[in-house]
Amino acid sequence: MASNRHLGRIIVLQSLYEYEFRTKAGDATADIKTIVAKDIEPYTKALGDTEFVYQLADGVAGKIEELDAELQPMAPEWPLGTIAAIDRNVLRMGLYELKYCNQTVPPKVAINEAVELAKEFGAENSSKFVNGVLGTAYRELFGSNDEGKISSEQPSQPVVPEEQHGEEKAEEAGGAAA
């Protein structure tokens, strides 16, 4: 069963996808909070803390242009407009969590969650692409020059410093959710 925050991220991804679609279609009534409220309703009891979902969705939606401007140079061969909407929104969520939630969500967890969302909802190679872009974002944001940890043989593994592996193990063993 998905952790509460993983389920929350799935709801955020669904809501952002709908929000982007409706906005691009010219729907002036598209409102992220209303969309999240509709999408979250069946899961409110399972989630418990719905505040995380609203904050993440609202945060990403409020910074789409900024996030897109930062993401584009990280994948110069792939203009964001040509990337599948699911992948684009997973990248936005991942970058947002890396930049603005790093006090409450460890960077490794943010990257892992984005990769998992890409595996679940993206195309066959989406997780590798998301991992590569967010690995670059991590290095740019946190100044890590941990090139030795990057392996083209294991592209689906998030690229983060070794010292954060303990947090992942705790989460896998049923520890605190991100």
Side-chain angles (χ1 to χ4, degrees), residues 5-6 8-27 30 32 35-36 55-165 167-168 178:
R5 287 212 169 171
H6 183 72
R9 287 179 180 95
I10 292 170
I11 294 166
V12 172
L13 178 59
Q14 177 183 348
S15 299
L16 288 170
Y17 183 89
E18 179 180 341
Y19 177 73
E20 179 180 7
F21 183 84
R22 288 176 57 186
T23 302
K24 285 186 175 185
D27 183 350
I32 192 65
I35 295 169
V36 170
Q55 287 177 346
L56 182 57
D58 195 42
V60 173
K63 294 191 178 294
I64 285 177
E65 291 169 8
E66 174 190 321
L67 294 169
D68 287 356
E70 291 179 45
L71 285 166
Q72 187 55 66
M74 295 176 201
E77 292 86 27
W78 296 95
L80 284 175
T82 66
I83 296 171
I86 289 290
D87 297 348
R88 189 171 43 248
N89 283 296
V90 167
L91 287 170
R92 288 170 178 158
M93 289 171 60
L95 182 59
Y96 181 85
E97 285 196 275
L98 283 173
K99 284 188 74 172
Y100 300 105
C101 303
N102 61 43
Q103 296 299 313
T104 56
V105 178
K108 180 169 184 71
V109 173
I111 294 171
N112 280 343
E113 284 290 329
V115 168
E116 287 303 314
L117 289 173
K119 283 180 185 176
E120 289 178 62
F121 301 104
E124 184 177 333
N125 292 319
S126 294
S127 62
K128 295 173 187 175
F129 179 69
V130 166
N131 182 65
V133 173
L134 293 180
T136 299
Y138 176 87
R139 287 187 298 277
E140 289 182 11
L141 289 169
F142 300 101
S144 174
N145 195 9
D146 220 355
E147 297 299 325
K149 303 292 182 211
I150 301 170
S151 170
S152 59
E153 298 169 2
Q154 296 179 348
S156 64
Q157 297 298 313
V159 181
V160 295
E162 189 68 33
E163 63 269 10
Q164 291 185 351
H165 286 290
E167 294 160 353
E168 178 186 27

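Everything quoted here is computed from the prediction, not taken from an experiment.
- In summary, Lys99 and Glu66 engage in a salt bridge, as defined by a charged side-chain N under 4.0 Å from a carboxylate O.
- The nearest pair of heavy atoms linking Leu91 to Val130 is CD2-CA, 3.9 Å.
- Ion pairing between Arg9 and Glu116 fails under the 4.0 Å rule for side-chain N and carboxylate O.
- In this structure, the side chain of Glu140 does not engage the main chain of Gly143 through any donor-acceptor pair within 3.5 Å.
- Atom SG of Cys101 and atom CE of Met93 lie 10.0 Å apart (nearest 0.5 Å).
- For the residue pair Ile86 and Phe121, the shortest heavy atom distance occurs at CG2-O, 3.7 Å.
- Here the OG1 atom belonging to Thr136 is positioned 7.0 Å from the CE atom belonging to Met74, to the nearest 0.5 angstrom.
- In terms of heavy-atom proximity, Val133 sits nearest to Ala75 at CG2-CB, 3.9 Å.
- Note on ring orientation: taking the six-membered ring where Trp is involved, the planes of Phe21 and Tyr17 are parallel (angle under 30°, cut-offs 30° and 60°).
- No side-chain donor-acceptor contact under 3.5 Å links Arg92 to the backbone of Val60.
- Sorted by first and then second residue, the ring-ring contact (aromatic ring centres under 6.0 Å, His included) pairs with a member in residues 91-113 read Tyr96-Tyr100; sequence neighbours excluded.
- With hydrogens and angles disregarded, no donor-acceptor distance shorter than 3.5 Å links the side chain of Glu113 to the backbone of His6.
- Considering CG of Leu80 and CG of Leu71, their distance stands at 6.0 Å, rounded to 0.5 Å.
- Listed here is the closest heavy atom pair of Ala30 and Thr23: CB-OG1, 4.0 Å.
- The nearest pair of heavy atoms linking Ser15 to Ile32 is O-CD1, 3.9 Å.
- Pairing each heavy atom of Leu98 with each of Leu134, the nearest pair is CD1-O, 3.9 Å.
- With hydrogens and angles ignored, the 3.5 Å screen pairs no side-chain donor or acceptor of Asn131 with any backbone N or O of Ser127.
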